[in-house]
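Read through the structure below, which is laid out as structure tokens, and then see the notes.
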Amino acid sequence: MFLGVDGGGTKTAFCLVDRSGQVVARAQAASSYYFSHGIELVERVLREGVDTVCAAAGLSPADIEYAFFGLPGYGEAARDLPVLDATPRAVLGHDRYACDNDMVCGWAGSLGAADGINVISGTGSMTYGERQGRGVRIGGWSESFGDEGSAYWIAIRGLNAFSRMSDGRLPEGPLAGVFRSRLGLESDLDVIDVVHNRWQGDRGRIAALSRSVAEAAASGDETAAAILAEAGRELALLVEATRERLGFGPDETVPVSYSGGTFGAAPVLEAFTTGLKSRFAGYELRHPLYEPVVGAALYAAKLAGTPLDRPALDALRKASGSPASGEDEQ
């Protein structure tokens with residue numbers, strides 16, 4: 001029995017997968033992104049999720065052969081690593097686990113833990129790729145000065161466009177009406193109160209406004225459409241930098257996949273695809289094989305030295321179907 005945990009900026013997903021490729025149980029808990037709420041948050045979230053998923057499967061944590069915890073923010077504050085590495089031990093009661101950034105879950109799920117590059121665009125954005133046993137991360141520099149192409153990045157640009165439309169510095173398009181309705185604004189300036197006072201600048205709630213930008217684009221708002229297209233191009237640039245850092249040769253095929261709810265907006269995926277093709281002919285864009293939380297469980301099995309065999313992987317693929325895009329990565 002292998003436990004996969006995919007942490008994110010919006011939620012944390014848990015699943016148990018057995019050797020035959022069956023997803024035995026699933027659970028969901030709050031975000032495990034701890035930078036805004038303190039590192040103690042991580043243990044609370046993990047304990048809730050592990051207890052719930054084990055109860056659903058009729059098992060105890062001791063029955064888990066190996067677990068992989070993909071945690072948002074892991075590796076971004078070196079002083080926190082000892083605490084993060086030790087936290088699952090308190091939850092599981094044993095040492096059969098490994099921790100890393102949640103980007104690994106997206107890569108392991110999308111590409112089946114094979115060489116190549118996965119780009120994550122959910123609340124935040126980054127890439128993770130592996131080639132011949134070497135892993136590289138690009139991006140994920142936080143919403144304050146990075147995370148280009150992410151839901152948060154799109155939402156902030158949408159809010160900026162809304163403010164300019166309200167002032168008359170930009171012609172008003174459907175985006176203005178969508179934001180007024182979504183935020184329940186009595187006056188346009190109330191957006192400051194909503195985002196800064198009521199939401200307290202909450203990362204996940206702001207990122208969710210990316211859906212409103214996509215809605216406006218679908219209604220013909222040219223500014224919103226341009227924001228989504230720019231997001232796709234930024235994500236392609238992350239992949240290009242990862243390919244170069246990993247040392248893929250000019251004649252090599254580079255498998256690329258993607259995960260995260262931002263790709264649910266067709267203009268983002270279209271611009272991303274076009275951006276890849278314009279940069280390197282050897283990119284091979286692949287639809288994600290498994291969702292990130294399942295990828296975490298597959299990676300747990302691999303780290304345990306007992307990776308799932310082909311029949312089990314095929315069974316898991318049939319059972320999982322097409323991965324559902326979620327906006328929780330990073």
Side-chain angles (χ1 to χ4, degrees), residues 1-109 113 135 290-309 312-313 316 319-320 326 328-330:
M1 193 67 63
F2 303 103
L3 172 66
V5 179
D6 175 38
T10 306
K11 64 184 179 182
T12 302
F14 301 74
C15 80
L16 285 167
V17 174
D18 67 16
R19 290 184 178 279
S20 70
Q22 178 184 0
V23 177
V24 178
R26 293 176 179 267
Q28 183 174 305
S31 168
S32 45
Y33 185 76
Y34 69 93
F35 287 154
S36 302
H37 304 285
I39 201 166
E40 299 81 8
L41 169 76
V42 179
E43 182 172 344
R44 293 198 300 271
V45 170
L46 295 186
R47 188 175 298 280
E48 176 189 344
V50 169
D51 287 349
T52 302
V53 78
C54 284
L59 302 170
S60 73
D63 296 316
I64 296 170
E65 181 173 343
Y66 207 87
F68 177 74
F69 293 83
L71 303 175
Y74 185 96
E76 294 167 14
R79 67 182 182 277
D80 292 341
L81 288 177
V83 175
L84 294 176
D85 285 334
T87 294
R89 183 181 304 113
V91 173
L92 295 174
H94 59 74
D95 293 325
R96 300 188 301 276
Y97 68 86
C99 299
D100 207 323
N101 194 280
D102 60 302
M103 65 187 179
V104 177
C105 303
W107 163 77
Y290 310 97
E291 59 191 299
V293 68
V294 173
L298 291 178
Y299 199 51
K302 182 177 181 178
L303 292 174
T306 54
L308 269 62
D309 58 21
L313 290 173
L316 184 59
S320 300
D328 61 324
E329 285 75 19
Q330 211 215 337

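Just so we're clear, the structure is a prediction, and the values are computed from it rather than from any experiment. Just the heavy atoms: all of them, side chains too, but no hydrogens, waters or symmetry mates, feed the values below.
Nearest heavy atoms, Thr12 versus Ala30: OG1-O, 2.8 Å. Here the shortest heavy-atom pairing between Gly8 and Ser31 reads O-OG, 2.8 Å. Listed here is the closest heavy atom pair of Leu81 and Gly75: CD2-N, 3.6 Å. Scanning both residues, Cys15 and Val23, for their nearest heavy atoms gives CB-CG1, 4.4 Å. Met103 and Asp100 make their closest contact through CE-OD1, 4.5 Å (heavy atoms, listed as atom of the first residue, atom of the second, distance). Contact record, Ser32 with Gly7: OG-CA, 3.4 Å, taken as the closest heavy-atom pair.
Only one option out of Val5, Val24, Leu16, Leu59 pairs with Val53 in a side-chain contact (heavy atoms from CB on, under 4.5 Å); it is Leu16.
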**OP:** For the pair Tyr66 and Phe68, evaluate ring-ring contact (aromatic ring centres under 6.0 Å, His included) and give the outcome as yes or no after the intermediate values.
**Re:** CA-CA 7 Å; Tyr66 207 87; Phe68 177 74; 8.8 Å; no
Subject >> Test log, rule side chain to side chain contact (heavy atoms under 4.5 Å, CB included), inputs Asp6 and Glu291 >> reply: CA-CA 10 Å; Asp6 175 38; Glu291 59 191 299; over 6 Å; no
**OP:** Evaluate the side chain to side chain contact (heavy atoms under 4.5 Å, CB included) criterion for residues Val83 and Val42: first the C-alpha distance (whole Å), next the side-chain angles of each, then the deciding distance (0.1 Å), finally the verdict.
**Re:** CA-CA 10 Å; Val83 175; Val42 179; over 6 Å; no
Original post:
So Ile39 and Thr87, side chain to side chain contact (heavy atoms under 4.5 Å, CB included) or not? Walk me through it.
Top reply: CA-CA 10 Å; Ile39 201 166; Thr87 294; over 6 Å; no
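Panel note: side chain Tyr97, backbone Asp85; a donor-acceptor pair is recorded below 3.5 Å. In terms of modelled atom types and a separation under 3.5 Å, the side chain of Asp18 and the main chain of Gly21 share a donor-acceptor contact. With hydrogens and angles ignored, the 3.5 Å screen pairs no side-chain donor or acceptor of His94 with any backbone N or O of Asp63. Arg47 places a side-chain N or O within donor-acceptor distance of the main-chain N or O of Ala90, the cut-off being under 3.5 Å.
Here the CZ-CD distance, from Phe14 to Gln28, works out to 9.5 Å after rounding to the nearest 0.5 Å. Taken from CZ in Arg96 to CZ in Phe2, the straight-line distance is 11.0 Å, to the nearest 0.5 Å. Lys302 NZ to Leu308 CG: the interatomic distance, rounded to the nearest 0.5 Å, is 12.5 Å. Atoms CG and CZ, on Asp95 and Arg89 in that order, are 4.5 Å from each other to the nearest 0.5 Å. Distance CZ/Arg19 to OG1/Thr306: 4.0 Å, rounded to 0.5 Å. To the nearest 0.5 Å, the span separating OG1 on Thr52 from CZ on Arg26 amounts to 15.0 Å.
Contact annotation: the side chain of Leu3 approaches that of Phe69 to within less than 4.5 Å [non-hydrogen atoms, C-beta and beyond].
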